[in-house]
Amino acid sequence: MAISYIGVGFLLIIGLLMVPVTMILGKFFRPSKFEISKLEPYECGIEVKDSPKGRISVHFYIVAVVFLIFDVETVFLFPWAVAFDKLGLFGFIEVGIFLLLLIVAYIYAYFKGALRWEE
Amino acid sequence: MIVFVVLVSVLIVFFSIMVVSLKHPISSAVSLLIAFLLLAIFYLLYGAEFVAAVQVLIYAGGIMVLYLMGVMFTDSEWIKITRQTHLQAWLALFLVLVFFGYFGHKLYHSQYPAPAVKRTEISIAKKSETEKKLPYLQRETNPRSVSVALFKDYIYPFEIASVLLTVAVVGGVFLAKKEV
Amino acid sequence: MNSQILINYIAFPLIKIAILLAAVFTVVAYIVLVERRLLGFFQSRLGPNRVGPLGLIQPVADGLKLFLKEDLIPTNANPFIFKIAPIFSFFPPFVGFAVLTFALPLIMPSGKMHQFAVADVDLGILLILSLSSLGIFGIILAGWSSGSKYPLFGSLRSASQMLAYEIPLTLSVISVIMMAGSFRLSDIVTAQQTYKFYFIIPGIVAFFVYLISVVAETNRTPFDLPEGESEIIGFHTEYSGMRFAFFFMAEYANVVLICMLTPALFLGGYDIPFLNDLELYKTHPYLVNVLGFLSYAAKSTLFAYFYIWIRATFPRYRYDQLLKVGWSVLFPISLLNLFLVALIKLFLMK
Amino acid sequence: MSNINGSDYPSFVGFTKLDKIFDYGRRNSLWPMTFGLACCAIEMICAMCSRYDMSRFGSEVMRPSPRQSDVMIIAGTITLKMAPVVKRLYDQMPYPKWVIAMGACAIKGGPWDDYAVLQGAGKIVPVDVYVSGCPPRPEALIYALLKLQEKIRDPKSAKEPQFIGPNLNEPTRGWMAKGEEIPEVVDKLIKEGHGVNTTQIF
Amino acid sequence: MQNEKPSHLKELVETREFELNMGPQHPATHGVYRAILTLDGERIQKLNSVVGYLHRGIEKWAEYRTWQQATPIFDRLDYLSAVINCHGYVGAVEKLLQVEIPKKAEYMRVICDELQRIASHLLWFGTHALDIGAMSVLFYGVREREAIIDLFEAHFGQRLLYNAYPIGGVRLDFPKGWIQACRKFLNTFNSRIDEYEALLTENRIWKQRTIGVGVISKEDAIAYGLSGPTLRGSGVYFDVRKSIPYSAYPDFDFEIPLGKNGDVYDRYLCRIREMRQSVRIINQALDGMPEGELKGKVPKIIRSPQGEVYFTVEGSKGQLGFYIVSDGKDKPFRVHIKSPSFINLQGLDVMSKNQLIADMVAIIGSIDIVLGEVDR
């Protein structure tokens, strides 16, 4: 029932508004003084020369890809777990086959080195 | 209720337009994220609780991370130059209109709420041992009904999904590793 | 009729939210103080004790100070993303509190039942899990939008870390869901009360996997890489004043949320140990409510202490070791454990 | 109301109570920046640690980033090479911000009257409290912290610094020390962006 | 535009080498040290040390003071082991003047030197552990250090920079009850080290963070001229106290702990064991303390003979050498300091090659640099 989520909805709205409202309220109380040197990026007190963007290791991306797939897998496990008593042994075998294939995928990814940082 | 549905729908459309119209790739990505979250609320309003949670878990929590990393991974300046050409835009508009017409037509002829689909009737047939013990299990909830549908009615799609995921892992890792 | 709806669906939730938020903010503020004082005792010193009696006004002073601090947006930053990033970090744990149930339902004299929860919904734990997967955006966006090197590195490490530990965490929670057969937190507790054992017993492996994963998910020692102050200064390096405070609060709100979730999942939540709650509830409902709430609080405090304790004890993992632990130790263990729990459930837990 | 940072944060005429509450928050939560220069840094560590325990006053939250810190404890000798860095770090701190100059070197160059050392932190940043000693004892640092708290509570109670210091009544970027010229060499260094002027070994 | 894409894309996807700056204000660089890391992904390809952020001209300063006036300034070299620095300079001048030091003074110097070594190692121990994330250890280390500082304060009257020894001996005898207090401290200290070791030595995370990290081979360590625990961690038997004995060290029986692999863990163990050896030395010195004069015959106004002298002591960081040239006046003509931290810093590039950024912190911590000594 959607109506039972009304409390969650209220809390969501409050949670979302909390940050902007506090920041706007604080505007009246906090000091604000524009100085160019203040807004330089921090780099241990040294002047910054180059931008950091576009210099990210590929590995972060591979980890994210692998995560996404196993995340999808866990989503399939939720309904299985929640109705386990109804599905019984049949469901167990079903999911067993499902997971077995994914374990193969995991082993592949593992030995391919996708999950290790060391190269 | 209907007010919320309309409000959320309008917001979804608005943020979807923002996704394609905003200049900066990260801003578009954030709009997409917000659109996904609103879509989850939309599902929730229709009582599809489980799908809403999955929407947040997979689309917002998984795919968007990938998107954002992809955007961060490349220089954003480069993406700005290669925007869609005019021809593609017109083509897209044409396709949008076609789809809009199709779904509008379908929507017009549909009935709400949707008629119940006949399911394998195991849930009512016999109570499991645990169900007798734990009274709350007898309550029909959305996740449990999804589960029964998924594991009883749609076994083959479910098993094929695992093959697909395996292929996805292998493919993803293979491609990513080849690049390096 | 209309006013009834208004009371039931608008007024009651709002009152509950008001109480909840007041409690949560107090607890979040004071867990910081408790941590500082406890760390002090661990380290043979006193900790903050001069601001107010026993240092009790310290969190207020800190909050006030941060509120009054100037808000800086560096020139390199993307101002819009920089401003909205704290929102993504901040709201997930707070919304998560909505589905926690703190005691057995309160029976009003009129015979109506009131849940001790803002919204004890069917989605329950799944809502918390899906929301916590959003927390990562706050970190990624903050790191990216700062336009500086340290935050970018910090945020990416944090992202990978949270991704690596989310799956073991989910899998260990799934084993609990399986035993209870419901996402709803009150149902999970009821199941433990009915079975007369806590899920920590069949799910001991899941419990430890869960414990390690949540420490990693909340970015605490020994997995506090994203804010590993001595290496890369952290994803919120460029944030000042209140915006930084929101990240800070989000971290501790997460800790509090986890501290309250863990007993519900594994230690019977508001179940009173060595008593048959459900029987007693029929005769003395209010007593069970109060005692249950206290037992829940006690269990949560235990975990809060545990959190602080390990912070005072352990060194920090290195980034690659951390990923290794997540992907190649916890993930297989939690997967195997899932099979184990399924078998237990299938054959032993009738 | 003229406060330690001059006109840097808005004050509420007629809301002196509010100001008092604000100052209460400010002075009881002075987070220092992790920033040690020389010998005095060791005594600063001692002041943070077991026996002296500055955390009692709510000041143990050492923030590595200047963005989140309130007070900069200049603990040690500022060399001319380090001066632009100190200045930049000070600039990067958000208002309201305070500076404690710890030890003889940070006060007036200490024993180093030579080519390499800046003669006092007051030449580049506005110092609020000077702690004398070479190095000062941890108690002295804690006393300085308490003095700073006193100064935040009632700016008038604080004496003008005995040593050279900035004019506290003017809005300052740290350079305008009373009757003092900016050391030419530091000025030149900063203007040319030579904070990164490096001597690379190996 | 269309055909430009592939090459453009390739350049974008490649992880380019880039530079990351650490310091001078960085919590893990132990002061104002700055390192420019050239990174390939997360691995360090090259490390450029940038020093000079604490250059105060100590050597020049000493040339403008008389022989006695110059002593206090060397405390500020390695401000964590002020006593040993003072011993180094005073020893060099004594060698130049060829003064006979009374046995008792030598014993007292050894006691203070070794206490100072323990104090220095304790602070290193705390900060090193803090860098790797174990925060409590710092507080325990400093707690014990405070006990030593109390002893020093009773004897020298200062907490950190003591101006410990005059040329020719020691200033004063130990105050009443000092020796008992010292013994009491030593007795508790041994059990305290056991406690610290229980926290870290067998800790899995600590071992994972340190073993095999920042390795420098025996040959490299010698070639780069490293000294002190950094050298001994690589398994080279070199300690000035044994190899070029000075003061009263030949009288005592102690061991030089050696490492095997030359990684961070070995250097850590070396220092921990060294503290135990220092306790041993102090106990022996307290037992065998002779009676006698405190100071040798040194004129009030020193006019040294012309010539040059080189004298080294084992500082807490390594071999600390003083090279003094005298032109026969009341001031030294040139004082050159061979400071161990500066030279040990050279090994950093070798140690950090192909390591991760996070290891950088552990490695810098393990060689225990003090910037006052590096920049002088």
Side-chain angles (χ1 to χ4, degrees), chain D residues 33-43 45-53 55 62-66 72 75-86 88-89 92 103 105 109-118 133-140 195-202, chain E residues 21 23-28 30-32 34 36 46-58 60-61 64-65 72-73 75-80 82 123 126-127 130 138-147 149-150 153 158-161 224 342 345-346 348-349 370-372 374-375:
Chain D
M33 179 159 51
T34 322
F35 184 48
L37 286 168
C39 330
C40 294
I42 307 301
E43 291 296 67
I45 294 173
C46 287
M48 298 286 167
C49 285
S50 301
R51 185 183 291 181
Y52 297 99
D53 191 21
S55 72
M62 297 282 268
R63 300 307 310 178
S65 161
M72 183 173 177
T77 323
I78 307 175
T79 58
L80 291 185
K81 187 169 179 175
M82 192 64 190
V85 178
V86 174
R88 187 170 291 116
L89 286 171
Q92 285 180 346
C105 305
W112 319 100
D113 49 346
D114 58 20
Y115 59 92
V117 175
L118 184 76
C134 186
R137 298 176 64 88
E139 293 99 323
V196 286
N197 182 17
T198 54
T199 321
Q200 296 196 350
I201 57 168
F202 328 140
Chain E
N21 181 63
Q25 185 263 334
H26 192 284
H30 292 237
V32 288
R34 179 175 169 211
I36 300 173
K46 194 170 161 25
L47 180 140
N48 269 330
S49 290
V50 183
V51 297
Y53 283 100
L54 196 52
H55 174 70
R56 299 172 288 190
I58 290 185
K60 198 77 195 157
W61 199 94
Y64 283 84
R65 266 76 181 173
I73 214 65
D75 288 352
R76 279 130 184 103
L77 259 182
D78 171 3
Y79 33 80
L80 283 174
L123 198 82
T127 47
L130 183 71
L138 172 69
F139 295 89
Y140 300 146
V142 170
R143 182 182 64 193
E144 256 49 77
R145 188 172 171 273
E146 287 290 341
I149 284 179
D150 277 353
E153 210 182 341
Q158 250 276 32
R159 268 179 59 87
L160 188 67
L161 309 170
Y224 275 89
F342 181 67
L345 199 57
Q346 296 184 62
L348 196 58
D349 188 27
V370 167
L371 266 295
V374 173
D375 295 339

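Below, chain A is the first sequence line, B the second, and so on; all start at residue 1.
- Highest contact tally toward chain E, considering only D:G36, D:C49, D:C39, is held by D:C39 [criterion: heavy-atom pairs under 4.5 Å].
- The two atoms that bring D:P138 and D:E43 nearest to each other are CD-OE2, 3.6 Å, heavy atoms only.
- Contacts between D:A38 and chain E at a heavy-atom distance below 4.5 Å involve backbone atoms as well as side-chain atoms.
- Looking at D:C105, there are no atoms closer than 4.5 Å to chain E (heavy atoms on both sides), in backbone or side chain.
- A salt bridge is defined here as a Lys NZ or Arg NE, NH1 or NH2 lying under 4.0 Å from an Asp or Glu carboxylate O, and E:D375 with D:K81 fails to meet this definition.
- More than 12 heavy atoms of other residues, nucleotides or ligands sit less than 6.0 Å from atom OH of D:Y115.
- Side-chain atoms of D:T79 never come within 3.5 Å of backbone atoms of E:R56 as a donor-acceptor pair (strictly under, hydrogens ignored).
- With a 4.5 angstrom heavy-atom cutoff, D:M48 touches chain E only via backbone atoms.
- In this structure, the portion of E:E153 lying under 4.5 Å from any heavy atom of chain D is its side chain and not its backbone.
- Most heavy-atom pairs under 4.5 Å with chain D: of the set E:L80, E:D75, E:D78, E:L371, this distinction falls to E:L80.
- Minimum heavy-atom separation, D:L118 to D:A83: CD2-CB, 4.2 Å.
- Counting heavy-atom pairs closer than 4.5 Å to chain E, the top residue among D:C46, D:G76, D:A75, D:P66 is D:C46.
- Heavy atoms of other residues, nucleotides or ligands lying less than 6.0 angstrom from OH of E:Y224 number 12 at most.
- Contact of D:I42 with chain E is made through the side chain alone, with heavy-atom distances under 4.5 Å.
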